[in-house]
Structure formats: C-alpha cells, structure tokens
Participant: 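Dropping a structure here in structure tokens format, bear with me for questions.
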2 protein chains.
Amino acid sequence: MTDANTALHADAARPSRREQILRAAAQLFAERGARAVGVDDVGAAVGVTGPAIYRHFASKDAMLAEMLLRISERLLEGGTARVAAAGDDPLAQLRTLVAFQVDFALDNPALITVHDRDLGSLAADDAAQVRRLQRRYVEVWVEVLGRLHPEADAATNRARAHAVFGLVNSTPHSAGRLPRRTTAALLAAMAEAAATA
Amino acid sequence: MTDANTALHADAARPSRREQILRAAAQLFAERGARAVGVDDVGAAVGVTGPAIYRHFASKDAMLAEMLLRISERLLEGGTARVAAAGDDPLAQLRTLVAFQVDFALDNPALITVHDRDLGSLAADDAAQVRRLQRRYVEVWVEVLGRLHPEADAATNRARAHAVFGLVNSTPHSAGRLPRRTTAALLAAMAEAAATA
DNA sequence: CCGCCCTGTGAACCACCGTTAACATCGCGG
DNA sequence: CCGCGATGTTAACGGTGGTTCACAGGGCGG
C-alpha cells in the first residue's frame with residue numbers, strides 16, 4: 001500500500017538495490033537513450049541479469065517514469081524553497097534560482113539529459129504528470145522574471161525561462177573539460193546576463 | 001555513380017520523393033524520437049508503404065545519417081560564410097552568428113531537435129563524421145568568442161559556445177506560442193548578452 | 001509496340017527485447 | 001529446524017519492427 005511511496009524518499013546513504021538500478025539506468029539512458037538500452041544492460045550494470053529488474057520495478061517504463069517524476073519533483077521543490085528563502089528582491093531570487101539550476105545540472109548531468117530527451121517515450125498519463133510538475137517549476141521562474149521585466153507578458157517570460165534552462169542544461173554537452181567551479185561561475189554569469197537582458 | 005552525390009544538393013523547389021521522405025522523417029523523428037518511429041510511419045507520412053522507403057535509402061540508419069550530416073554541413077557552411085562576410089569587428093561577427101543560429105533554429109525546429117537528441121543512435125563512423133562537422137562549427141564560434149574574451153582560454157569559450165547553443169536551441173521547447181519576430185528578437189538579445197557576459 | 005527501369009505493394013523472414021514462468025538460494029523469525 | 005519471503009537465474013514466449021523477396025504497374029526510349 002505504501003509501496004508506491006517508498007519510491008519517494010531516496011536512500012542516498014546506503015543505496016538499496018532499487019536505488020542502484022535507478023542510478024545505473026539513468027547513466028545508461030543518458031548515454032544511449034532510454035529506448036536503446038535493454039533491461040539486460042541495466043541489470044549488467046548493477047551485477048544482476050535482466051529479469052531481476054522485475055523484482056524491483058513493474059516494467060522498464062515504470063523505471064523511466066519514476067526517474068522523471070523524481071527529477072521534476074526535486075526541481076520544483078528546490079526551486080520554490082530557494083525563492084521562498086531569498087527574500088523579496090527579484091534579482092536575489094533570480095540569482096538563487098540560477099545557482100540552484102546550475103548546481104543541479106552539474107550534479108546530475110545524466111538526469112538532465114534524460115529529462116528533456118526521453119519524456120516522449122513515457123506513457124501518456126505519466127508524461128502528463130511530469131509535464132504538470134515541469135510547468136509549475138517554469139511558473140516559479142516566470143513569476144520571478146515577471147518582476148524583473150514588468151513590461152513583458154507571461155508568454156515572453158516563459159520563453160525566457162526556457163532559454164535559460166537551455167543555457168544551463170548545456171553542461172552535459174561540454175562537461176568534464178573544465179573544473180566544476182569555473183563552469184558553475186561561467187554558467188551562472190551567462191544565465192544571469194541572459195535573464196536580465 | 002553520382003548517386004551518392006545526388007543526396008547533397010537538396011531540391012527545395014520541387015521536392016523529390018527522396019526529399020519528401022527526409023522531411024517527413026525529420027518531423028516524425030523530432031516528435032517521437034528516431035528509434036520510436038517505424039519505417040511504416042515514415043512511409044505513411046508520404047503516402048507509401050514502409051518497404052517503399054528502401055527504393056530511396058539503404059536503411060533507416062542511412063536516412064538519419066544523411067539528415068544529421070546535412071544539418072551539420074549547413075550550419076558549418078552558413079556559419080563560416082556569415083563570419084567571413086561580417087568584416088573584422090568581433091561583436092559584429094558574433095551578432096551575425098547569433099542571428100544565423102536563431103534563424104536556423106526557428107526555421108528548422110525539427111532538425112534542431114533531432115540533431116542533439118538522436119546523434120547517439122548513429123553508427124560509429126557516421127557519428128564521428130557528424131561530430132567532426134559539429135566541432136568545426138563550434139570552433140568558428142570559439143574563434144569569435146576568443147576575440148571578445150581575450151583573457152579566457154579556448155576551453156572556456158567552448159563551454160560558452162555550447163551554452164549559447166543551448167539557449168538558442170531552446171526554441172523547439174517553447175515554440176509557436178509567440179510570433180516569430182518577437183521570439184527571434186528575444187533570443188538574439190539574450191544570446192548576445194550571455195555571450196558577452 | 002516491345003521491353004526495361006523506376007517505383008511501389010503485400011507477404012514473409014528474422015533478430016531483438018520486454019516480459020513471464022518455473023525453479024534455486026539464502027537469511028531470518030517462530 | 002522449518003518455512004517463507006526476498007532476490008536471482010535460466011529458459012521460453014510474443015510482439016514489434018527492420019529488411020528482403022517476388023511480383024505488378026507504368027512511363028519512356030528504341
């Protein structure tokens with residue numbers, strides 16, 4: 001009954017087999033695309049055979065769904081929390097949002113990659129739920145951007161938000177070649193400049 | 001003998017069956033992901049059955065390969081041409097590059113989407129060739145950015161270029177909701193601000 | 001008008017892959 | 001010590017989808 005909820009609190013400390021699978025799958029999905037990796041691949045990555053996966057997940061799609069749902073939830077929760085803690089200054093709010101997104105992208109390049117590439121290979125209802133969360137996260141940004149650009153309408157600020165996401169989420173494409181701090185500072189500066197342009 | 005070359009000069013005027021297929025495939029690939037669309041789907045989109053495709057392409061992978069190669073070539077050629085025609089001012093060069101990329105992304109959202117999502121589902125040698133072209137295009141940007149940021153090293157400017165690509169290529173995610181001119185102006189302003197930050 | 005090439009069709013083939021079934025092992029509570 | 005739940009393994013099933021094959025129509029040069 002609480003089975004579905006068990007999925008929600010990730011045990012980062014001592015990763016259960018379930019968590020190992022989820023992590024390995026995220027890595028593989030990011031590298032080759034969700035449809036291109038087989039259940040056997042995921043199993044092999046954690047040292048078991050393919051069908052063993054079904055002791056932990058109902059299906060391969062369920063794995064992907066849970067993965068994407070978690071990401072979207074973490075982004076939404078983190079984003080709203082940061083804004084709430086940032087006081088009333090719109091620029092300060094923007095800066096924490098940018099820092100948050102940059103950190104997230106640098107910490108979880110695989111998740112970021114899967115997030116906006118494999119949404120399409122989700123069942124209709126799962127996809128809808130993910131999109132709802134995404135939309136709410138975007139709205140957090142739109143609200144902040146709205147105070148920085150009072151003259152712009154919501155649609156424009158939505159496009160602005162997506163553009164900033166694209167900028168920050170470019171990390172996986174150019175990752176590893178630069179020290180993390182340098183990359184983080186660069187992306188934050190660029191994102192802020194773009195968002196306030 | 002000149003059969004392979006025929007592929008190179010796109011007949012935009014009266015689209016041959018080959019071109020129709022390529023266009024329809026690009027659209028479908030962008031919507032669902034290359035691996036998720038079947039040969040039958042592509043065929044149906046142009047009014048023929050699945051196997052008819054093989055009268056025009058050696059395989060489904062060959063379709064994708066030609067698609068990605070063309071995009072990369074167009075970007076590289078267009079980018080170098082624009083820079084060459086822009087004179088010596090680095091800022092002017094950046095502006096034409098930005099305008100070029102924005103126009104391309106707005107004109108070919110499907111190609112942009114496929115371009116950086118389905119590269120992974122290409123045969124090793126095709127992928128390598130595409131990556132070579134991509135790298136050369138990035139270097140065009142890096143050179144221009146290098147003159148705008150003389151203090152930064154090449155790796156930093158590479159990351160900068162990727163970030164700008166991510167920003168501009170966000171169009172497919174927020175497309176349609178805004179008039180094209182507005183979107184173009186917004187993206188260009190944001191991209192320039194980010195690139196010069 | 002004959003015959004060949006181009007393009008297309010429907011059926012069949014075959015490999016791959018997600019999923020299930022049937023059976024082992026291990027650890028732990030009673 | 002018995003047994004049961006959790007976890008895994010191997011074998012098999014079934015669907016999907018890329019590819020090939022044998023055949024048909026149709027236009028065009030000779």
Side-chain angles (χ1 to χ4, degrees), chain A residues 1-7 11 14-26 28-29 31-68 114 118 120-124 126-127, chain B residues 1-7 11 14-26 28-29 31-68 114 118 120-124 126-127:
Chain A
M1 207 168 293
T2 52
D3 199 34
N5 298 338
T6 314
D11 239 297
R14 182 215 46 160
S16 65
R17 179 50 48 104
R18 221 184 124 86
E19 294 306 317
Q20 293 179 34
I21 293 175
L22 228 36
R23 261 205 269 284
L28 290 173
F29 287 1
E31 287 167 4
R32 307 180 216 165
R35 293 191 85 101
V37 344
V39 173
D40 290 342
D41 299 326
V42 177
V46 297
V48 299
T49 60
I53 301 288
Y54 291 85
R55 299 294 173 194
H56 305 276
F57 296 91
S59 68
K60 185 186 160 188
D61 285 339
M63 277 185 40
L64 183 60
E66 183 170 332
M67 210 160 99
L68 294 185
V114 176
D118 295 308
S121 22
L122 229 58
D126 289 328
Chain B
M1 210 166 291
T2 53
D3 197 32
N5 299 337
T6 314
D11 238 299
R14 184 217 43 162
S16 65
R17 179 49 51 100
R18 220 184 126 87
E19 294 305 318
Q20 292 180 34
I21 293 174
L22 227 37
R23 262 206 267 284
L28 290 174
F29 287 0
E31 287 167 4
R32 306 180 217 166
R35 291 189 86 101
V37 345
V39 175
D40 290 343
D41 299 326
V42 177
V46 297
V48 298
T49 60
I53 301 287
Y54 291 86
R55 298 294 171 193
H56 305 277
F57 295 92
S59 69
K60 186 187 159 188
D61 285 339
M63 279 185 38
L64 183 59
E66 182 170 331
M67 210 158 99
L68 294 185
V114 176
D118 295 307
S121 24
L122 228 59
D126 289 328

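Letters go in sequence order (proteins before strands), and every chain restarts at 1.
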Participant: Please report the interatomic distance CZ(R32(B)) to CG(D41(B)), rounded to the nearest 0.5 Å.
Facilitator: 4.5 Å

Participant: Do you know which two heavy atoms are closest between D40(B) and G50(B), and how far apart they sit?
Facilitator: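 Looks like OD1-CA, 3.2 Å.
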
Participant: So, taking the atom named CD in E66(B) and the one named NE2 in H56(B), what distance separates them when rounded to the nearest 0.5 Å?
Facilitator: 12.5 Å

Participant: Indicate yes or no: at least one non-hydrogen side-chain atom of R17(B) is less than 4.5 angstrom from one of V48(B).
Facilitator: yes

Participant: Look at the side chain of K60(A) and the backbone N and O of V37(A), then say whether any donor-acceptor pair between them is shorter than 3.5 Å.
Facilitator: yes

Participant: Does the side chain of M67(A) come within less than 4.5 Å of D118(A)'s, by heavy atoms?
Facilitator: no

Participant: Are L68(A) and D126(A) side-chain neighbours, meaning at least one heavy-atom pair lies under 4.5 Å?
Facilitator: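 They are not in contact (no side-chain heavy atoms under 4.5 Å apart), so the answer is no.
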
Participant: Taking 5' to 3' order, which nucleotide of DNA chain C is first and which is last to have an atom within less than 4.0 Å of a heavy atom in chain B?
Facilitator: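 Nucleotide range in contact with chain B: dT7(C) to dA11(C).
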
Participant: Classify every nucleotide of nucleotides 8-21 of chain D by which part a protein heavy atom approaches to under 4.0 Å, writing B for the base, S for the sugar-phosphate alone and - for neither, in 5'-to-3' order.
Facilitator: BBBB------SBB-

